[in-house]
Amino acid sequence: MFRFHFAAAFSVLLLAGSLAAEEKNQPMKFGMVIHGGAGTIERRNMTAANEEAHRAGLEQALRAGYDVLKKGGSSLDAVEAAIRVLEDNPLFNAGKGAVFTHEGTNELDSSIMDGRTLKAGAVAGLQHVRNPISLARLVMEKSPHVMLDGEGAEAFAKKMGIPFVDQKYFYTEDRWQELQKKKSSPGALSDKHGTVGAVALDQAGNLAAGTSTGGMTNKEFGRIGDSPIIGAGTYASNRTCAVSCTGDGEFFIREVVAYDVSALMDYKGVPVQEAAQTVIDKVGKLGGTGGLIAIDKQGNFAMPFNSSGMYRGTIDAAGKISVEIYR
Ligand code: ASP
């Protein structure tokens with residue numbers, strides 16, 4: 001009798017446990033996952049107001065993406081819409097709010113990829129384009145190339161009729177102080193992160209991914225990170241998943257992170273969560289910190305990171321939002 005009760009209670013517990021787990025990461029019919037950067041993000045260093053502002057920024061971006069998806073729009077449009085919102089928000093290190101190079105300039109990188117066609121567009125070293133993600137999309141759709149950088153990318157932007165902003169547009173006091181701090185102690189850990197990214201699955205079952213960043217504070221003039229590199233910072237294929245990364249770009253380039261997640265799924269049939277975690281563990285072993293977001297064709301998603309925090313959020317087909325910051 002006792003044994004029977006014990007077994008019954010145990011199964012109920014197990015069932016409750018698995019239901020809770022499913023609830024936490026239920027596959028979405030369609031939906032979107034975004035990040036606003038990974039790094040040393042700790043509760044004790046955050047004011048309530050600052051935390052609230054970051055949460056609100058992520059929610060606003062998720063809603064912008066969802067508005068597209070709900071109407072039957074494409075994952076590409078949703079990714080671009082969400083990232084534009086984050087680029088316009090000075091709290092995130094992309095567009096307005098981009099970090100400074102050693103020289104005190106802002107150089108922005110971005111990329112986007114269409115999982116349906118495997119078409120991709122990327123831009124690097126932009127100094128006068130307010131929304132780099134939209135220029136990356138134009139490179140993909142209106143040029144025969146995948147990647148344009150610096151002056152060439154801006155000449156293309158002009159040709160496309162994109163209005164330019166002065167470098168002053170990117171100035172934020174917070175990022176400027178961060179540069180001064182970093183210059184006086186270059187080894188110091190930076191707690192200002194905020195590269196942004198989005199991955200989406202639309203109602204037609206198509207995947208897309210995009211990433212946008214100001215890079216790393218105090219970076220050398222001309223340095224390009226993983227964010228605009230297809231396969232490193234961004235990747236999408238309807239065969240597997242859509243991925244956007246954030247973290248120490250040099251390590252993400254060396255581990256070809258975004259494509260590695262896809263390759264594990266493609267060649268070995270590894271589920272998205274396991275593939276994403278495996279690759280983040282590899283980055284960690286190499287000495288890099290950061291994280292990624294990924295979503296597959298069935299709407300399963302993953303958001304692993306090896307830093308103390310990563311701004312991240314999801315919105316599912318019902319419009320239910322979840323936003324998290326800390327581990
Ligand atoms: N991955 C970006 C870069 O290296 C920076 C970041 O995500 O924080 O440019």
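Keep in mind that the numbers below use all heavy atoms, side chains included, and drop hydrogens, waters and symmetry copies. Each ligand, and each atom within it, is numbered from 1 in the order the structure gives. In what follows, residues are counted from 1 in the order of the sequence shown.
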Checklist line | Lys/Arg N to Asp/Glu carboxylate O, D266 vs R239, below 4.0 Å | finding: yes
Give a yes or no on whether a salt bridge exists between R223 and E107, defined as a side-chain N under 4.0 angstrom from a carboxylate O. no
Short version for S227: what comes under 4.0 Å of ligand 1, heavy atoms counted, is side chain
Any ion pair linking R137 and D114 (charged N to carboxylate O, less than 4.0 Å)? no
The atoms of ligand 1 lying under 4.0 Å from a heavy atom of D226, numbered in the order shown, are 1 (N), 2 (C), 3 (C), 4 (O)
Tightest non-hydrogen contact, residues P132 and L126, listed as CB-CD1, 3.7 Å
*Polar contact flag for D109 and ligand 1 (N/O pairs, less than 3.5 Å)*: no
Item to check | salt_bridge(E51, R55) N-O dist < 4.0 Å | outcome: yes
Within-cut-off N or O pair, G247 and ligand 1, under 3.5 Å: yes
Looking only at protein heavy atoms, what sits closest to atom 8 (O) of ligand 1 is T195 OG1, 3.3 Å
Open item on the list: Side chains of V196 and T213, heavy atoms from C-beta outward: is any pair under 4.5 Å?
Closed with: no
Q. Taking distance alone, with no angle check, do M216 and ligand 1 share an N/O pair under 3.5 Å?
A. no
At under 4.0 Å between heavy atoms, what of H35 touches ligand 1? The answer is neither
Next item on the list: Consider ligand 1: state whether an atom of it lies below 4.0 angstrom from any non-hydrogen atom of E250.
Entry: no
Got an N/O contact under 3.5 Å between R223 and ligand 1? yes
Note: ligand 1 atoms sitting under 4.0 Å from heavy atoms of G215 are 5 (C), 9 (O)
Margin query: Tell me whether R327 at atom CZ has more than 12 heavy atoms from other residues, nucleotides or ligands lying less than 6.0 Å away.
Written below: yes
**Request:** Ignoring hydrogens and angles, tell me if any N or O in the side chain of K219 forms a donor-acceptor pair with the backbone of G225 under 3.5 Å.
**Result:** no
Review point. Just distances here: any N/O of T246 and N/O of ligand 1 closer than 3.5 Å?
Key: yes
